[in-house]
S.K.: 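If you scroll down you'll find the structure; I have some questions about it.
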Amino acid sequence: TTLSGSGTDSDGSVVSYNWTKTAGPAQFLIANQAAAQTALTNLVQGVYQFRLTVTHNNGATETDLVPETVNAAAPPPNQAPVANAGNDQIITLPTNSVTLSGSATDSDGTISTYSWTKISGPAQFNIVTTSAAQTAVNNLVQGVYQYQLTVTDDDGATDTDIINLTVNAAPPPT
């Protein structure tokens, strides 16, 4: 910010300006204490008070106080998590179960929940634990399934990823 002051002398002239901090946090930097206008940098959150002393050519001085309030920075916006449902899988009957191995990352927080749902495929299936990153799916039949992993972070943002699961028919007997 900028400290901006001025002074007048009806029967003479202003010969100097002097800025000083009278209250507030210890961290600050006045670029030029002897200027009427000067940059004020390196501030931290808090309420500061600065005094401008104006000296006239006859030695008289006048002062004025200038408050400066520095608010806390707004937190950055929440970054959404990134869901990873794992690699597509192919199995052949009589094998009728797989493990879905999902994961997620959140660059600015933590993952609060995982949720697996079937979004397409045969009606016959069983997700053992829908709220776990990794879970078994069993009781599968021939067909192509799609499972979606939805992850939610600690600030409520979500992301999804989909895995394809192909269940092939059993090979003919030999």
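Excluded from the calculations below are hydrogen atoms, water molecules and symmetry mates; all remaining heavy atoms, backbone and side chain alike, are included.
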S.K.: Would Gln49 and Val66 count as a side-chain contact (heavy atoms from CB on, under 4.5 Å) here? Give the steps.
M.R.: CA-CA 6 Å; Gln49 184 169 284; Val66 177; over 6 Å; no

S.K.: Could you tell me which non-hydrogen atom of Asp159 sits nearest to which non-hydrogen atom of Ala83, and how far apart they are?
M.R.: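 In terms of heavy atoms, the two residues are closest at OD2-N, 2.8 Å.
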
S.K.: Without placing hydrogens or testing angles, list every side-chain donor-acceptor pair under 3.5 Å for residues 87-105, not counting sequence neighbours.
M.R.:
unit_1: Asp88; atom_1: OD1; unit_2: Asn164; atom_2: N; d: 2.9
unit_1: Asp88; atom_1: OD2; unit_2: Asn164; atom_2: ND2; d: 3.4
unit_1: Gln89; atom_1: NE2; unit_2: Thr99; atom_2: O; d: 3.0

S.K.: Quick check for you: to the nearest 0.5 Å, what is the distance between Tyr145 atom OH and Ile127 atom CD1?
M.R.: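 Separation between the atoms: 10.5 Å.
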
S.K.: Can you tell me how far NZ of Lys21 sits from CZ of Arg51, rounded to the nearest 0.5 angstrom?
M.R.: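 Result: 12.0 Å between the selected atoms.
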
S.K.: Can you confirm whether the side chains of Thr113 and Thr152 place a donor and an acceptor under 3.5 Å from each other?
M.R.: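 A donor-acceptor contact under 3.5 Å links the two side chains.
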
S.K.: Same cluster for Tyr147 and Ile162 if Ile/Leu/Val/Met/Phe/Trp/Tyr side chains link at under 4.5 Å?
M.R.: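 Different clusters: Tyr147 never reaches Ile162 through Ile, Leu, Val, Met, Phe, Trp or Tyr contacts under 4.5 Å.
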
S.K.: Where is the tightest heavy-atom contact between Asn57 and Asp9, given as atom of each residue plus distance?
M.R.: OD1-OD2, 3.1 Å

S.K.: Identify the heavy atoms of Leu40 and Phe50 that sit nearest to each other, and give their distance.
M.R.: CD2-CE1, 3.4 Å

S.K.: Work out which heavy atom in Pro25 is nearest to a heavy atom in Gly46; give both atom names and the distance.
M.R.: CG-CA, 4.0 Å

S.K.: To the nearest 0.5 angstrom, please state how far the OH atom of Tyr17 sits from the CG atom of Leu3.
M.R.: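 If I round to the nearest 0.5 Å, the distance is 13.5 Å.
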
S.K.: Under the 3.5 angstrom rule, does the side chain of Asp155 hit a backbone N or O of Ala157 as a donor-acceptor pair?
M.R.: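 No, the answer is negative, given that no donor and acceptor are paired below the 3.5 Å cut-off.
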
S.K.: How long is the span from the CD atom in Gln37 to the CG atom in Asn32, to the nearest 0.5 Å?
M.R.: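 Answer rounded to 0.5 Å: 11.5 Å.
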
S.K.: Which heavy atom in Leu52 sits nearest to a heavy atom in Ser6, and how many Å separate them?
M.R.: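 Reported closest heavy-atom pair: CD2-N, 3.9 Å.
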
S.K.: Which pairs, with at least one residue in residues 131-143 and sequence neighbours excluded, count as a side-chain hydrogen bond (donor to acceptor under 3.5 Å, both in side chains)?
M.R.: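 Every side-chain hydrogen bond (donor to acceptor under 3.5 Å, both in side chains) pair that includes a residue of residues 131-143, provided the two are not neighbours, is Gln124-Asn139, Asn126-Asn138.
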
S.K.: Walk me through it: do Thr22 and Leu65 pass the test side-chain contact (heavy atoms from CB on, under 4.5 Å)?
M.R.: CA-CA 9 Å; Thr22 60; Leu65 298 175; 4.3 Å; yes

S.K.: So if I apply the side-chain contact (heavy atoms from CB on, under 4.5 Å) rule between Asp153 and each of Asn78, Val82, Thr110, which one comes out positive?
M.R.: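 So, applying the side-chain contact (heavy atoms from CB on, under 4.5 Å) to Asp153 and each of Asn78, Val82, Thr110, only Asn78 qualifies.
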
S.K.: Provide the closest heavy-atom pair for Gly86 versus Asp161 in the form atom of the first, atom of the second, distance.
M.R.: N-OD2, 4.4 Å

S.K.: With the 4.5 Å side-chain cut-off for hydrophobic clustering, are Val141 and Val144 part of the same group?
M.R.: no

S.K.: Let me check something: do Trp116 and Val128 share a hydrophobic cluster, defined by ILVMFWY side-chain heavy atoms less than 4.5 Å apart, either directly or through other members?
M.R.: no

S.K.: Report whether Val44 and Ile30 are members of the same hydrophobic cluster (ILVMFWY, side-chain heavy atoms less than 4.5 Å apart, transitive linking).
M.R.: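 Yes, it is one cluster - the side chains of Val44 and Ile30 are joined through contacts under 4.5 Å.
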
S.K.: Looking only at the side chains, is there a donor atom on one of Gln79 and Ser107 sitting less than 3.5 Å from an acceptor on the other?
M.R.: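 There is no such pair (donor and acceptor under 3.5 Å, judged by atom type) between the side chains of Gln79 and Ser107.
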
S.K.: Working to the nearest 0.5 Å, report the span between NZ of Lys118 and CZ of Phe125.
M.R.: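 The NZ atom of Lys118 sits 5.0 Å away from the CZ atom of Phe125.
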
S.K.: Which distance, rounded to the nearest 0.5 Å, do you find between the OG1 of Thr166 and the CD of Gln146?
M.R.: 9.5 Å

